[in-house]
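Presented below is the structure to which this report refers.
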Amino acid sequence: QVQLVESGGGLVQAGGSLRLSCAASGINNRLSTGAWYRQAPGKQRELVAIITPGGSTRYAGSVKGRFTISRDNTQTMVYLQMNSLQTEDTAVYYCNVVTRDANYWGQGTQVTVSS
């Protein structure tokens, strides 16, 4: 049984910061790729950031320089540090973990940035 649970979302003023956390229970494979996606109202889901098992990262152009994706030593937690938040960042953020066996998704956490 695998469960991904996101936390850390909320309401923040433009220019502020949030840290999203993804707890990946039941995943023992350390050779996993972690990612954060987001979906704004009326928009398709888009990739925000991705981190490989070796720690290489890649970001959407709209968040590069403001967001940082990371993982802990056990590779069962994936984080997204979000700085200099803008109203355009408002969306539901989803954690995604890909292992050799499957592709797992969390339920999402709401991030709302007010002007």
Side-chain angles (χ1 to χ4, degrees):
Q1 179 262 331
V2 174
Q3 185 178 20
L4 271 59
V5 179
E6 303 98 333
S7 62
L11 175 64
V12 65
Q13 193 170 211
S17 298
L18 287 173
R19 189 190 73 163
L20 305 185
S21 300
C22 174
S25 302
I27 300 178
N28 296 317
N29 191 348
R30 301 185 74 253
L31 298 178
S32 62
T33 296
W36 287 93
Y37 290 74
R38 68 185 181 187
Q39 187 166 21
K43 304 292 184 180
Q44 291 187 298
R45 187 176 299 184
E46 64 174 346
L47 176 66
V48 176
I50 189 167
I51 184 166
T52 70
S56 298
T57 60
R58 194 170 187 270
Y59 300 90
S62 59
V63 307
K64 188 175 295 184
R66 300 187 297 117
F67 292 9
T68 303
I69 188 171
S70 62
R71 66 200 304 163
D72 69 4
N73 190 49
T74 66
Q75 299 186 359
T76 59
M77 299 286 290
V78 184
Y79 305 97
L80 185 68
Q81 180 66 46
M82 311 165 68
N83 298 326
S84 301
L85 282 162
Q86 305 166 4
T87 56
E88 294 80 8
D89 297 317
T90 295
V92 177
Y93 284 71
Y94 298 90
C95 179
N96 170 245
V97 176
V98 178
T99 69
R100 179 182 58 84
D101 301 319
N103 183 16
Y104 304 103
W105 291 89
Q107 298 301 305
T109 184
Q110 176 71 48
V111 172
T112 303
V113 184
S114 63
S115 60

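Nothing fancy with the numbering, it's 1 onward along the sequence. Note that these values count all heavy atoms, side chains included, but never hydrogens, waters or copies made by symmetry.
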Considering residues at least two apart in sequence or located in another chain, which fulfil the side-chain contact (heavy atoms from CB on, under 4.5 Å) criterion with [X]?
| X | result |
| --- | --- |
| Val2 | Leu4, Ile27, Tyr104 |
| Ser7 | Ser21 |
| Gln110 | Thr90, Val92, Thr112 |
| Ser84 | Arg66 |

Given the options Met77, Gln81, Met82, Tyr79 meets side chain to side chain contact (heavy atoms under 4.5 Å, CB included) only with Met77
Under the criterion side chain to side chain donor-acceptor pair (under 3.5 Å), I'd like the reasoning laid out for Ser32 against Arg71: C-alpha separation, chi angles, the key distance, then a yes or no. CA-CA 11 Å; Ser32 62; Arg71 66 200 304 163; 2.9 Å; yes
Backbone N or O of Val5 within a donor-acceptor pair of the Gln107 side chain at under 3.5 Å? no
Any donor-acceptor pair under 3.5 Å from Glu6 side chain to Cys95 backbone: yes
Value rounded to 0.5 Å, distance of [atom1] in [X] from [atom2] in [Y]:
| X | Y | atom1 | atom2 | answer |
| --- | --- | --- | --- | --- |
| Ile50 | Asn96 | CD1 | CG | 7.5 Å |
| Gln86 | Ser115 | CD | OG | 12.5 Å |
| Thr33 | Ile51 | OG1 | CD1 | 9.5 Å |

Between Val97 and Tyr94, is there a shared hydrophobic cluster once you connect ILVMFWY residues whose side-chain heavy atoms come closer than 4.5 Å? no
Are Val113 and Phe67 connected in a single hydrophobic cluster, I mean Ile/Leu/Val/Met/Phe/Trp/Tyr linked by side-chain heavy atoms less than 4.5 Å apart? yes
CA sep, side-chain torsions, deciding dist, call: Leu18, Leu85, side-chain contact (heavy atoms from CB on, under 4.5 Å): CA-CA 8 Å; Leu18 287 173; Leu85 282 162; 4.1 Å; yes
Which atom pairs, one a donor and one an acceptor, fall under 3.5 Å between side chains of residues 38-48 and the rest of the protein, sequence neighbours left out?
unit_1 : atom_1 : unit_2 : atom_2 : d
Arg38  : NE     : Glu46  : OE2    : 2.8
Arg38  : NH1    : Asp89  : OD1    : 3.0
Arg38  : NH1    : Tyr93  : OH     : 2.9
Arg38  : NH2    : Glu46  : OE2    : 3.4
Arg38  : NH2    : Ser62  : OG     : 3.4
Gln39  : NE2    : Lys43  : O      : 3.1

Trp36 vs Cys22, test: side-chain contact (heavy atoms from CB on, under 4.5 Å). Steps then yes/no. CA-CA 9 Å; Trp36 287 93; Cys22 174; 3.7 Å; yes
Gly9 and Leu20: which non-hydrogen atoms are nearest, and at how many Å? N-CD2, 3.6 Å
Contact summary for Val78 and Gly34, nearest pair of heavy atoms: CG2-CA, 4.4 Å
Hits for ring-ring contact (aromatic ring centres under 6.0 Å, His included) against Tyr37, two or more places apart or cross-chain, chain-then-number order -> Trp105
Begin with the C-alpha distance, continue with both residues' side-chain angles, and end with the deciding distance and a verdict on side-chain contact (heavy atoms from CB on, under 4.5 Å) for Leu11 and Val111. CA-CA 6 Å; Leu11 175 64; Val111 172; over 6 Å; no
Just jot down the side-chain hydrogen bond (donor to acceptor under 3.5 Å, both in side chains) partners of Ser17, sequence neighbours excluded, or say none. Asn83
Check against side-chain contact (heavy atoms from CB on, under 4.5 Å), Thr57 and Tyr59: CA-CA 7 Å; Thr57 60; Tyr59 300 90; 3.5 Å; yes
